[in-house]
K.L.:
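So that we are looking at the same thing, I have put the structure below in structure tokens.
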Amino acid sequence: ISQQRGNVTMKFLREQVTSICPGMTSVLSPCDVTTATSHCVCVCVMSYCWCVTVLYWVCDPQMIARGKNASDLFPAVVKNVACKNIEVKKLVYVYLVRYAEEQQDLALLSISTFQRGLKDPNQLIRASALRVLSSIRVTIIVPIMMLAIKEAASDMSPYVRKTAAHAIPKLYSLDPEQKDCLIEVIEKLLADKTTLVAGSVVMAFEEVCPERIDLIHKNYRKLCNLLIDVEEWGQVVIINMLTRYARTQFLNPNMNEDKEEKEKKKTEATAIVKRKPYVMDPDHRLLLRNTKPLLQSRNAAVVMAVAQLYFHLAPKAEVGVIAKALVRLMRSHSEVQYVVLQNVATMSIKRRGMFEPYLKSFYIRSTDPTQIKVLKLEVLTNLANETNISTILREFQTYIKSNDKDFVAATIQAIGRCATNIGEVRDTCLNGLVQLLSNRDELVVAESVVVIKKLLQMQPEQHSDIIKHMAKLTDNIQVPMARASILWLIGEYCEHVPKIAPDVLRKMAKTFTNEEDIVKLQIINLAAKLYLTNSKQTKLLTQYVLNLAKYDQNYDIRDRARFIRQLIVPTDKSGALSKYAKKLFLALKPAPVLESPFKDRDHFQLGSLSHLLNAKAGGYQVLPDWPEAAPDPSVRNVEVKESVRAVETVTARDRGPLGPSSGEDVKKSEKKSKPRIGSSESESEEDNDSESESSESEEEESEEESEEETKKKKKVGNERLENTPCLAVHAVFTQPPPLPVSVPQTIIPSGNLKTYELLHRITGEGLSVEYCFSRQPFSPDPHMVAVKIQFTNSATSEAKSLHVEDAKLQSGMRIKEFPEIGQSTFHNRIPLLITVSVVMGIDFSCSLMFFVSIQPPVGELMMPIFMTENEFKKEQGEHRNQCMEIKQYGPHFDCHAVVQRVTTAANLSRVPCGSDKECRFAGKTVTSGSLVLVSVVTKEDGAAQLTVNCEKMVIGTMLVKDILQALTQ
């Protein structure tokens, strides 16, 4: 193979690698130039694979997590940020996020690429660019990040708006001084009706400004209605936020029950005090009603969030619905069980009744981990009562035989708690614990001693035999806590065992120096108590013990010995306290109360990390107390234009993707009903229903058609689409009057205007509606597009009271309705077989990514402007990098045909041009005034090249498609 052919192969290879992944040529070594020409493609593919492999090695997240340094390759990797390959771009993004802080100067070189990516037509690229830009923690780019987040918050794609919400906490952590600006963005995103954005923006709200509860007022009902369709982790965030919101805005639903419990202690006269009956706020009920279905969620966090909401907000009679859902989570992984049982243990203290039907669900399995066993014991102990205590004790008797020593110790403590709480079984539990004193396991015996000591404090005089039996165990038990408990018990009730107590002190004095500190302290206490009650037999023993303690290594023991010696052995130097020695040592002590460790945890919000740790964690939001008086509920009212009552309702919605193409795209969607008379309250309820129906996600774009035909109503094609601008036209059909009615003048459209069908005469019961874009200035507002609507009445009766009602508009859109047909402009009605035209203005906000009934082709969003040839070239040069789209299409087009077809597709004016082979057009968008430049150049072979320059990327891309379609037809 010749060297020349090898050089050609090498040149081709480097061009391909550079086009695929620019910048890698500085990392890759030259390929073998002697490779055969037939293997050229194979070498190119191998080199590309090598390129991606190198990036995978450099940008591997696992390698970065292991701490391996790859920062030396930063200059070579950062060049590939402009690569068009998505996989390579993702790897470069991972690398940049990791090393941008170390290489700030070089990272700034890629900022311009991210800024271009923010204007890319692909929503994934826009979102990725914003995600990486917000992850680069370089303070100098904070203004750029702020501007990017504001632009992304107004993006047409909900995915990009979701990414903008995620970027808000990142920017806030980087520069907290931007809080005010970020709150404005959060307020804007909170008004978003897309389910994809709701969870993310609430999370940003929680991170940046959780105290700004006023931002939630107007969006409270919307969040409640959208909750069922939000992603699972978004549901958790929203529910937790709404829980705290409800605690500040609604009254306690159990306030009357709490008052009744207090009033039971008072006299009957004071108990009969008039108080206002509690009436639950409708918004409070809305929250409970919309969260209840989420108890069936497959996500344990969502179920736990709803459970804590009901526990903190619902009336006592309704809290029980969460028990079954929580028990279902007990079949999940051990980690989930641990968190759920922590919360159930807290709930079962105050709401014991709701878990009693599921008692067997908390029985312990041999395969459960120790921490799960201990928590189940806690729940079983909380649920114990006179009815089920025998069953629970039989379970405990089985658990004591387990090989898990920690679990056995917890079981013995649970038995002690049951004996404390239920007096009927106290003797039974005490006898069972005494039997455990003969167990071979020392830890079991020691734990039993500790529990018995606490139980004996309740009735010591009735159990002197047990005290004697425990005194004999001092020779065998070696656990310090158990030995200390026995010594305390003998010393406290030494009067009940006067013969055994001195002998125990004698044995303890022999082993004093070898005992643990806790045991030594109890020996000193025992000696002091016996000295005060039986000084004849124990005086010498007491002095011996105090002398041993005087020289002990532990200063606590030395201090205790000196204090007791001065207190119980009176001398000339003794103070007045020696007279009260018996009262100090032998005073009656209250019996200990064995309480659950979860008793006081309910002041933390259930399901939170703080509740799990029983300590306030960082970032925890305190659960507010219920207000004493109900706050003003009108703050949650959203101003909705009140609909006008009418008789015949005709609604038309178009399902076309980006613009109506034919009458077939128009679906049947009108309603017919009999005359109705309703109040404003009923109408507002219908408005709320329509809002809840329109809360579906933009990504799903699903449609639900209900066909319910009765004698009173006919509903056809009730499609509800998210953010769908729709027009409801009301008409009243009456019998024709005896006198003729004059017809108003109509606006005659030009012959080149395309007409679209809005309502067919069959579905409209004889009333047909068509519309077109007149391309004339709309006099009330020059920023609106003029839409001409033609009504034709082919029915047997006349139509009147035609008007626009309840138009659903995208955020940023505006509409100027036409006067109602039936007022002074059009007299009273449309006669038979007569066509009436009206003009309506719509501000489409330069946005086309939605489905509307009246859908403008992209060309109708523009208005022509006059421009000279030099001005055109100048503007085209300045906008060359702003979404320039170049396409080629079929040959053989003359200039006249090009002008006719382009002006038909778009409302543009022709720019003078000295060449016959080039046609230029100029215009601007009606709303924003963004410049639009179009040029068509005919080549020698007859083909033509189309170039569109526009600041609005999406509009420019769609305009290219429409013009190409018009030219190729």
Side-chain angles (χ1 to χ4, degrees), residues 236 239-240 242-244 246-247 252-255 257-258 261 287-288 291-292 294-297 299-332 334-364 368 371-385 387-388 392 410 414 417-418 421 594-615 620 622-626:
V236 175
I239 291 174
N240 290 331
L242 291 179
T243 301
R244 292 192 297 276
R247 287 289 290 255
N252 185 1
N254 302 311
M255 57 189 303
E257 297 182 11
D258 296 340
E261 293 178 359
L287 177 60
L288 296 176
T291 53
K292 185 177 180 180
L294 296 180
L295 289 172
Q296 309 298 327
S297 174
N299 191 305
V302 176
V303 178
M304 192 65 250
V306 178
Q308 64 86 21
L309 182 141
Y310 264 75
F311 181 80
H312 291 303
L313 301 181
K316 291 182 178 179
E318 301 179 17
V319 179
V321 298
I322 67 176
K324 186 175 182 180
L326 292 176
V327 170
R328 176 173 61 87
L329 296 181
M330 300 290 297
R331 305 168 190 164
S332 186
S334 59
E335 295 83 0
V336 176
Q337 291 184 46
Y338 180 77
V339 176
V340 172
L341 284 171
Q342 288 268 357
N343 292 273
V344 172
T346 303
M347 295 180 186
S348 59
I349 296 176
K350 288 191 174 181
R351 304 282 192 273
R352 178 186 302 175
M354 68 180 184
F355 291 105
E356 287 183 357
Y358 308 97
L359 182 67
K360 293 184 178 180
S361 299
F362 299 101
Y363 285 175
I364 295 166
D368 289 336
Q371 63 270 20
I372 300 298
K373 293 178 180 178
V374 173
L375 287 173
K376 285 186 176 180
L377 275 176
E378 187 68 32
V379 176
L380 288 174
T381 307
N382 293 339
L383 298 181
N385 54 31
T387 305
N388 57 25
I392 293 177
R417 282 183 52 199
C418 290
N421 299 332
L594 302 180
E595 296 180 345
S596 171
F598 293 87
K599 181 179 180 181
D600 297 329
R601 286 198 186 185
D602 56 347
H603 64 277
F604 290 115
Q605 186 172 356
L606 296 186
S608 63
L609 179 62
S610 298
H611 174 269
L612 191 70
L613 302 176
N614 197 23
Y620 173 74
V622 180
L623 189 66
D625 295 329
W626 293 101

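Count residues from 1 along the sequence.
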K.L.:
Could you walk me through whether F355 and L326 pass the side chain to side chain contact (heavy atoms under 4.5 Å, CB included) check?
P.N.:
CA-CA 10 Å; F355 291 105; L326 292 176; 4.0 Å; yes
K.L.:
Would you check, one step at a time, whether the test side chain to side chain donor-acceptor pair (under 3.5 Å) holds for R417 with N382?
P.N.:
CA-CA 9 Å; R417 282 183 52 199; N382 293 339; 2.9 Å; yes
K.L.:
Would you give the length of the straight line joining atom NZ of K599 to atom CD1 of I349, rounded to the nearest 0.5 angstrom?
P.N.:
8.0 Å
K.L.:
Less than 3.5 Å apart, any donor N or O on the side chain of Q337 or D368 sitting next to an acceptor on the other?
P.N.:
no
K.L.:
Can you measure from CG (L341) to CZ (F598) and round to the nearest 0.5 angstrom?
P.N.:
9.0 Å
K.L.:
Ignoring hydrogens, what is the shortest heavy-atom contact between I372 and S334? Give both atom names and the distance.
P.N.:
CD1-O, 3.5 Å
K.L.:
Find the distance between CG (L313) and CG (N254) and round it off to the nearest 0.5 Å.
P.N.:
10.5 Å
K.L.:
How far apart are the closest heavy atoms of L295 and A325, and which atoms are they?
P.N.:
O-CB, 3.7 Å
K.L.:
As an exercise, state the distance from NE2 of H603 to CG of L623, rounded to the nearest 0.5 Å.
P.N.:
11.0 Å
K.L.:
Using residues 303-311 as the side-chain source, report each donor-acceptor pair under 3.5 Å to any protein atom, sequence neighbours left out, with the distance given to one decimal.
P.N.:
unit_1, atom_1, unit_2, atom_2, d
Q308, OE1, Q605, NE2, 3.2
Q308, NE2, N240, OD1, 3.0
Q308, NE2, T243, OG1, 3.2
Q308, NE2, A305, O, 3.1
Y310, OH, L288, O, 2.7

K.L.:
Test side chain to side chain contact (heavy atoms under 4.5 Å, CB included) on M347 and V319 and set out the steps.
P.N.:
CA-CA 10 Å; M347 295 180 186; V319 179; over 6 Å; no
K.L.:
Atom CG of L613 and atom CZ of F604: how far apart are they, to the nearest 0.5 Å?
P.N.:
9.0 Å
K.L.:
Nearest heavy-atom pair of N388 and L383: which atoms, and what distance?
P.N.:
ND2-O, 3.2 Å
K.L.:
Mind listing the closest non-hydrogen atom pair of I392 and L380 along with its distance?
P.N.:
CD1-O, 3.5 Å
K.L.:
Answer whether the closest heavy-atom distance between the side chains of E356 and T387 falls below 4.5 Å.
P.N.:
no
K.L.:
Give the minimum heavy-atom separation between A246 and W626, together with the two atoms involved.
P.N.:
O-CZ3, 3.9 Å
K.L.:
Between L294 and I239, is there a side-chain heavy-atom distance shorter than 4.5 Å?
P.N.:
yes
K.L.:
Shortest non-hydrogen contact from G320 to M354?
P.N.:
CA-CB, 3.9 Å
K.L.:
According to side chain to side chain donor-acceptor pair (under 3.5 Å), does anything in residues 317-329 pair up with another residue at least two apart or in another chain? List the pairs.
P.N.:
R285-E318
K.L.:
Quick one: do Y338 and L375 satisfy side chain to side chain contact (heavy atoms under 4.5 Å, CB included)? Show the steps, please.
P.N.:
CA-CA 8 Å; Y338 180 77; L375 287 173; 3.3 Å; yes
K.L.:
Look at the side chain of H312 and the backbone N and O of R247, then say whether any donor-acceptor pair between them is shorter than 3.5 Å.
P.N.:
no
K.L.:
Would you say the side-chain atoms of R601 pair up with the backbone N or O of H611, donor to acceptor, closer than 3.5 Å?
P.N.:
yes
